[in-house]
2 protein chains.
Amino acid sequence: MSTTAAEIAAAWRRERPGTPTDSIEVFTPIVRLAKLLTDDRTRVLRAAGIDRATLDLLSVLRRAGPPYTLTTRELTERTLVTAGAISQRLARAEQEGLVTRAPDPSGHKAVAVTLTAAGHEVIERSVDAVLGRDSELVAGLSAEEQDLLIPLLGKLEGFVRARVG
Amino acid sequence: MSTTAAEIAAAWRRERPGTPTDSIEVFTPIVRLAKLLTDDRTRVLRAAGIDRATLDLLSVLRRAGPPYTLTTRELTERTLVTAGAISQRLARAEQEGLVTRAPDPSGHKAVAVTLTAAGHEVIERSVDAVLGRDSELVAGLSAEEQDLLIPLLGKLEGFVRARVG
DNA sequence: GTCTAAACGTTTAGACCTGAACATACCAGG
DNA sequence: CCTGGTATGTTCAGGTCTAAACGTTTAGAC
């Protein structure tokens, strides 16, 4: 049993008239959905012997296409975590032999990160499981509903992104 | 500069034809928005000398109305984190004098958690700041767009919730 | 009364992240 | 040259979470 967003907003208005509750019904389900989805993905991946942070890292490299190389800065830009977190992810992944780090000639002090054969295997083995699972979960909405939802989310993300961080 | 969800899906299809990408344009913005919003809220609250986990805890108690008391189990149900996390949050909040814990006569081994006067002050001081900020951010969508978005998110949340955890 | 199962809460180990401090490499002017 | 500034990465301290193991209390069967 869980409280709905509408109930939360109503409770604030009842307890504190004047509380600005107009955002609650939009943001509460978004934050909850994200938590449900990421926790579920963590569990799916644990069964495959990998963690979510590492999967994100390997996915970005895999999607880049051959030669599966990006600098640390590029990884940071594509990942929505801090440079410190990327550095730690890289240390773990390198330790496990999934990526290599080497000086990159271009740019200031760039480090070129490259997927190893082992890293490639890991991502091939897990990406279908993860995205297949997500496919099941998104099927709660019809294609028409998804087509309605996607542009709204895109617009909201753009607006929020311009005003934070 | 960040990759759009559509670009991510296209990259997977290009690199791995057959990859099930239909969920990406829905779930990627949801997960990103949640991260942008929670990180931003963390920063807003740090300025007020409180952390997000504690605010969530105090909010649930405050919304319950007088006498601002709930059991640990009720807090867990309303919070989407594990019982262990609630236990740790309570220990921190109790340490800071924001809540009290006492045996609850009803139920098995229930612990009654109650907001103190200090906890009440903290929540009164920060809730308008947090929800006011969220109000600014949700204004990226018109009222009509929000009315379109809310039921879609609700339907999706219900579907996902029934299939995870 | 006694026993057993279920409900409830806490502790602990292991992961991950942020933000700030720090270290290093390149570049452009003087 | 050489020197400050900018771009990059890394390290570290502090904080939070999950999941699993554990301890405790209550209710119900008999």
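Since we're looking at a predicted model, the values are computed, not measured. Order of the sequence lines sets the chain letters (A, B, ...), proteins ahead of strands, with each chain counted from 1.
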Pair B/D51 + B/R46: basic N to acidic O under 4.0 Å: no
From CG of B/L80 over to P of D/dC17, roughly how many Å is that when rounded to an integer? 12 Å
Could you check whether B/A53 gets within reach of a base, just the sugar-phosphate, or nothing at all, counting any heavy atom under 4.0 Å? sugar-phosphate
Interatomic distance, A/I86 CD1 vs C/dC16 C1' [rounded to whole Å]: 12 Å
Would you mind classifying the nucleic acid contact of A/A110 as base, sugar-phosphate or nothing, using non-hydrogen atoms under 4.0 angstrom? sugar-phosphate
Any base atoms under 4.0 Å from A/R89, or only sugar-phosphate, or nothing? Heavy atoms, all strands. sugar-phosphate
Nearest nucleotide by nearest heavy atom, which residue falls closer to the 5' end of DNA chain C, A/K109 or B/R101? B/R101
Expressed as a whole number of angstroms, how long is the span from B/R73:CZ to C/dA7:P? 10 Å
Mind calculating the distance between CG (B/L57) and P (C/dG9) to the nearest angstrom? 13 Å
Could you state the CG-P distance from B/L45 to D/dG15, rounded to the nearest angstrom? 16 Å
Salt-bridge test for A/E121 and A/R125: reply yes if a basic N is under 4.0 Å from a carboxylate O, no otherwise. no
To the nearest Å, how far apart are A/R41 CZ and D/dC17 P? 22 Å
Let me know which of B/L33, B/L37, B/D134, B/V138 forms a side chain to side chain contact (heavy atoms under 4.5 Å, CB included) with A/V26. B/V138
Looking only at N and O atoms, is any donor in the side chain of A/E74 or the base of D/dT8 less than 3.5 Å from an acceptor on the other one? no
Between CZ of A/R92 and OG of A/S87, what distance do you get to the nearest 0.5 Å? 10.5 Å
Give the dot-bracket line for DNA chain D from 5' end to 3' end: parentheses for intra-strand Watson-Crick or G-U pairs under 3.5 Å, square brackets for crossings, | for inter-strand pairing, dots for unpaired. ||||||||||||||||||||||||||||||
Return the 5'-most residue of the pair B/A85, A/D104 with respect to DNA chain C, ranking by each residue's nearest nucleotide. B/A85
Among the nucleotides D/dT10, C/dG19, C/dT11, whichever has the atom closest to the side chain of B/Q88 is C/dT11
Give a yes or no answer on whether the side chain of A/E7 reaches the backbone of A/T4 with a donor-acceptor pair at less than 3.5 Å. yes
Go nucleotide by nucleotide along DNA chain D from the 5' end; which of A/A91 and A/D39 gets its closest nucleotide reached first? A/A91
Consider side chain to side chain contact (heavy atoms under 4.5 Å, CB included). Of A/T114, A/L75, A/L98, which one does A/L61 pass it with? A/L75
Tell me: CZ of B/R43 to P of D/dG15, nearest whole Å? 18 Å
Per nearest nucleotide of DNA chain D, the residue lying toward the 5' end, A/G84 or B/D51, is A/G84
Identify whether the distance between the nearest side-chain nitrogen and carboxylate oxygen of B/D39 and B/K35 falls below 4.0 Å. yes
Counting side-chain heavy atoms from C-beta on, which of D/dG9, C/dG19, D/dC17 comes nearest to A/T82? C/dG19
For A/L70 and D/dG9, what is the distance between atoms CG and P respectively, to the nearest whole Å? 11 Å
Over all strands shown, is B/S87 touching base, sugar-phosphate only, or nothing at heavy-atom distances under 4.0 angstrom? base
Distance test, side-chain N/O of B/K35 to OP1/OP2 of C/dT18, below 4.0 Å: yes
side-chain N/O B/R46 vs C/dG19 OP1/OP2, d < 4.0 Å: yes
Output yes when at least one side-chain N/O atom of A/R92 is less than 4.0 Å from OP1 or OP2 of C/dC17, else no. yes
Looking at every strand, decide which applies to A/T71 at a 4.0 Å heavy-atom threshold: base, sugar-phosphate, or nothing. sugar-phosphate
A/E74 side chain to A/T71 backbone, donor-acceptor under 3.5 Å: yes
